Structure formats: C-alpha cells, structure tokens
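Side-chain atoms are counted along with the backbone in the values below, which use heavy atoms only and exclude waters and symmetry mates. All values derive from a computational prediction rather than experimental measurement. The chains referred to below are lettered A, B, ... by the order of the sequence lines, with proteins before strands, and numbering in each begins at 1.
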2 protein chains.
Amino acid sequence: MPRTEPKKPTRQRDADRTRTAILDAARTLFSTRGFTNTGVREVAELAGVNSALVGRYFGSKEGLYRATLERIIDISPMLHGDRRRFGVDMVAIFCDTQDASGPLAMMILSAADPAAHAASIEFLQTKVMVPLAAWLGPPNAEERAARLNILWTGFLTSWKLLPLEPLSDARIASTRRWLEAATQAIVDEGTG
Amino acid sequence: MPRTEPKKPTRQRDADRTRTAILDAARTLFSTRGFTNTGVREVAELAGVNSALVGRYFGSKEGLYRATLERIIDISPMLHGDRRRFGVDMVAIFCDTQDASGPLAMMILSAADPAAHAASIEFLQTKVMVPLAAWLGPPNAEERAARLNILWTGFLTSWKLLPLEPLSDARIASTRRWLEAATQAIVDEGTG
DNA sequence: GAGGCATGTACACGGTTGTTTACTTACGCC
DNA sequence: GGCGTAAGTAAACAACCGTGTACATGCCTC
C-alpha cells in the first residue's frame, strides 16, 4: 500500500488572505466585464476559493461590489503633486500606469445594474468629486470639478471602453497633448 | 349559456407594425438597462407582442441589438447646420431634445457584453466617426473627430449615466457654455 | 369559397444565475 | 491534548435566461 490518498494538499486557512484574493479577482472581473456579466463563481474561481465564501464574507454580490469600490477609489495621490503640472501628471498616470483606469471602467460597465449604479454614484460623489472640488478651490470649484470629470470620463471611455481608430495606442500622442492642455486650463482657471 | 369565450380580440396581423413595435421597445430598454439587463421577454411585453416573435424577426437578441443600432444611429442632421454655430447647435440638440442621448447610452450600457460591444464599435466607427471626420476636413480631421467624441461621450456619460451633483439639471447652464466653446474650438481649428 | 402561407401563440428545454443549507475540516486556546 | 469555533466545502434550491419547436389562426390569392 503506497499510502492513504492525499485528499487535499492541506490548504492553509487564512480569512484575510481569502478576502483580499476575492477582492482582487472582483476588481479584475468587474472592471473588464462589469457587474452583471461577472458571475460569483467566476470571481471565486479566479481567486482560487470556494464560491460560497463570497456570500460568507461579503453578504451578496452587491456587497462585494461595494467593498471592491471602497478599496480602489482613492484620488488623493493625484492631489499632492505640483499644481502647475496637474495636466501632464494626470495624463501620465492614466496613460502609462497599468490599469489606472480600472475603477472608472468598472463603474461605467456596471452602470446598467441599478444596485451597482447607486453604489458607484455614491462613492464617486463622496470620494472623488468632493475632494477634487475642495482641492481646486474657488471660483466655481464644483463646476470645474464636473468639467474635469467630463473630460476624463470621456477620454477613458473613448479609449478603453469604446476604442475607435483615431484613439488607437499608436496615434494617441496628439490627443494626449490636447488633453493635458484642456485639463490644465480648468485647473488654472482660478489663478487667471 | 352566455356565449363561447371571446378568446382573443381579433388582433390585427401586421408584420411591419410588429417589427417596429419591437424595435421601439428595444431602443427604450437597451438605452436604459443595457444589453445584458434587458430580457427578450421584457422587450416583447413592452412591445405588446409574443416573445417568440423577437427570435422570428431578428434571429437572436444580438440581431435585435444590431437592428436597433442601425435604426437610431444617424448624425447627418447635425452636419447640415451653420458650421460657425456647431457648438451651440450640438448642445441644443443633446440637452433639449428628449432622448437624443439614447444611442450613446445604449452603447455604453451595453459595452460589458462582447457581442454588443463589437456591434457598437462597428457602427460608431462607420456611421459616426467617418462622416464626422469627413465633415470636419483637414487638418487632422480624424484626431479632431476623436476629440469631439471624447468631449461628448464624457458629457453625456457624466450627465445621464453617472449623474453627479454639479451636473444636475438646475446647474447645468455653466457647463453648457463651456461645452459649446470647447466644441466650437475643435471645429474652428481648421479655419484658424 | 377553399387552400396555403405568413403571422402569432404556447410551452418546454438546457443552461446559468445568486443564494442558502448542511456538512467537514483545520486551527488556536484553555 | 482535546475541544470549540472559525474556515472551507459540496450540493441543491428556485428563478430566470435565450432559444427552439410544435401548433393555432387569420389574411390573401386563385
């Protein structure tokens, strides 16, 4: 007799590691397939855990979405650079950093679901727009924040979600410069 | 005995009317719930027809999506006005016309589905970007078309899909003026 | 006016979804 | 060192999905 069958390779039990593995997998899938087209079983499989654990740790799929949002939304790094270089810094972060556009893609692709939609708006408002407007300062802080939001939502959507020929990676240089200037103009509006 | 049961109220048979009823319902639902979150049975119910007719007339749900796209994408009316008033005209059309933003909302909300995504890009490229670039003319026609696309995708997404406080209907006047100017600047770039 | 085909209907099929339940197993504390 | 509890597992549930099929019926043509 060789030995008793090895059963399971004695997988370590670690709740924290499991939680973060699920959250990592959820971020990846939500930001590429959106809320509705991402299945709980898919997330669990990518995370390498049992699918029932998603329900255990996050209550429901919507709970997982909210937890994923809360984890990845953080614009504070962008608000600590040189104010006069905000345009070029933003372009560099979003164009050159891998998956910096993930959170926005996740929200856009999930906007078709009412629950995910509500969660997205709530977090976008409190974690992005309010700090951004405060950083911009008068005059018309909120409206300028809204314009930045328009510009970048449009750019990232056109680039990543509905990519068209003129925005292909090879031809994006000219658009980058335009975007830098337009972004900087909104920031500088207060210091005219 | 009162009479034999009245069965059905002798509903008129009209294939064309049925087709357009399905397409109207599909446009409404696709542009508010997206492709995945819209069921064939929902479309049929809103159209007042039997759900099997969707399959009969359009082959599949994806076929219905393509047919709906083909029916509502038409930017030619916007390219026949005064070139010097393009900015204000665009703003008027999209802000004041009921559901002018429907097609874009439909494409964004459906971008999470691979089949719908491919169909959207195909139509956007051939029916919008190519005619728009031709109308803009040199220099850099395609890149300027891409910038207009960024601007308007961002605006409509921020306004309708992820509506935030500074873009609420009551406070949109200032953003409208900014958008008019930014749009017109891109158009005028060739005639500097 | 009768036949034939387009139109419309009812229903079932296989598959997938999110969620829950009952159960097993490993770890840490007394 | 045994035991309780947290961690993980397997399976099943009901509901819904897109699609296909088999059947009924109304309109047009000959």
Side-chain angles (χ1 to χ4, degrees), chain A residues 4-23 25-26 29-30 33-68 109-110 112-119, chain B residues 4-23 25-26 29-30 33-68 109-110 112-119:
Chain A
T4 63
E5 57 190 47
K7 286 266 184 181
K8 293 295 161 56
T10 315
R11 170 165 163 65
Q12 276 193 48
R13 295 192 167 190
D14 188 334
D16 286 341
R17 205 166 62 88
T18 301
R19 278 183 65 98
T20 59
I22 293 174
L23 286 172
L29 292 177
F30 282 151
R33 297 209 244 283
F35 183 79
T36 310
N37 288 289
T38 297
V40 172
R41 289 172 178 82
E42 281 179 296
V43 175
E45 187 185 14
L46 182 59
V49 305
N50 189 284
S51 65
L53 295 179
V54 174
R56 175 191 294 279
Y57 288 120
F58 301 99
S60 65
K61 189 183 172 186
E62 181 190 344
L64 174 61
Y65 183 83
R66 300 189 98 99
T68 307
L109 291 177
S110 304
D113 182 88
H117 180 78
Chain B
T4 63
E5 56 189 47
K7 289 266 187 184
K8 293 295 158 56
T10 315
R11 168 167 164 64
Q12 275 193 48
R13 295 192 169 193
D14 188 335
D16 286 342
R17 206 165 63 88
T18 301
R19 278 183 65 97
T20 59
I22 293 174
L23 287 172
L29 292 178
F30 281 151
R33 298 209 241 283
F35 183 79
T36 310
N37 287 290
T38 297
V40 173
R41 290 173 177 85
E42 281 179 298
V43 175
E45 188 185 12
L46 181 59
V49 305
N50 190 283
S51 65
L53 295 178
V54 174
R56 175 192 292 283
Y57 287 119
F58 301 99
S60 66
K61 189 184 172 185
E62 182 189 343
L64 174 61
Y65 184 83
R66 300 190 98 99
T68 307
L109 291 177
S110 304
D113 183 88
H117 180 78

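In this entry the distance linking CG of N37(A) with P of dG18(D) reads 12 Å, nearest Å. Distance, R56(B) CZ to dA6(C) C1': 8 Å, rounded to whole Å. dG8(C) atom P lies 10 Å from atom CG of D16(B), rounded to whole Å. Counting to the nearest Å, the C1' atom of dG28(C) and the CZ atom of R13(A) are 12 Å from each other. Put simply, OH on Y65(B) is 15 Å from P on dG18(D), counting in whole angstrom units. Taking atom CD on E45(B) and atom P on dG8(C), their separation rounds to 18 Å, with Å as the unit. Rounded to whole Å, atom C1' of dC27(C) lies 12 Å from atom CG of D14(A). With rounding to whole Å, L53(A) atom CG is found 13 Å from dT25(C) atom C1'.
When every heavy atom of S51(B) is checked against every heavy atom of A44(B), the shortest pair comes out as CA-CB, 3.3 Å. Scanning all heavy atoms of the two residues, the minimum distance from A47(A) to A21(A) falls at CB-O, 3.4 Å. Scanning both residues, R33(A) and A112(B), for their nearest heavy atoms gives O-CB, 3.1 Å. Heavy-atom minimum distance, V43(B) versus I22(B): CG1-O, 3.8 Å.
Between R41(B) and E45(B) there is no salt bridge, since none of the side-chain N atoms of the basic residue sits less than 4.0 Å from a carboxylate O of the acidic one.
Expressed to the nearest 0.5 Å, how far CZ of F30(A) lies from OG1 of T68(A) amounts to 5.5 Å.
F35(A) is listed as a side-chain neighbour of K61(A), based on a closest heavy-atom distance under 4.5 Å. Side-chain contact between L29(B) and N37(B) is absent, with no heavy atoms from C-beta onward closer than 4.5 Å.
Every residue two or more places apart in sequence or in another chain that forms a side chain to side chain contact (heavy atoms under 4.5 Å, CB included) with R19(A) is listed here: Y57(A), F58(A).
Residue-level contact check: Y57(A) touches the backbone only, with heavy atoms under 4.0 Å from sugar-phosphate atoms and none from bases.
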Every protein N/O lying under 3.5 Å from an N/O of nucleotides 17-19 of chain C:
unit_1: dG18(C); atom_1: OP1; unit_2: T38(A); atom_2: O; d: 3.3
unit_1: dG18(C); atom_1: OP1; unit_2: K61(A); atom_2: NZ; d: 2.7
unit_1: dG18(C); atom_1: OP2; unit_2: V40(A); atom_2: N; d: 2.9
unit_1: dG18(C); atom_1: N7; unit_2: R41(A); atom_2: NH1; d: 2.9
unit_1: dG18(C); atom_1: O6; unit_2: R41(A); atom_2: NH2; d: 2.9
unit_1: dT19(C); atom_1: OP2; unit_2: K61(A); atom_2: N; d: 2.8
unit_1: dT19(C); atom_1: O4; unit_2: R41(A); atom_2: NH2; d: 3.4

Using nucleotides 28-30 of chain D, report all nitrogen or oxygen pairs with the protein that are shorter than 3.5 Å.
none

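The shortest distance between the side-chain N/O atoms of T18(B) and the OP1/OP2 oxygens of dG8(C) is below 4.0 Å.
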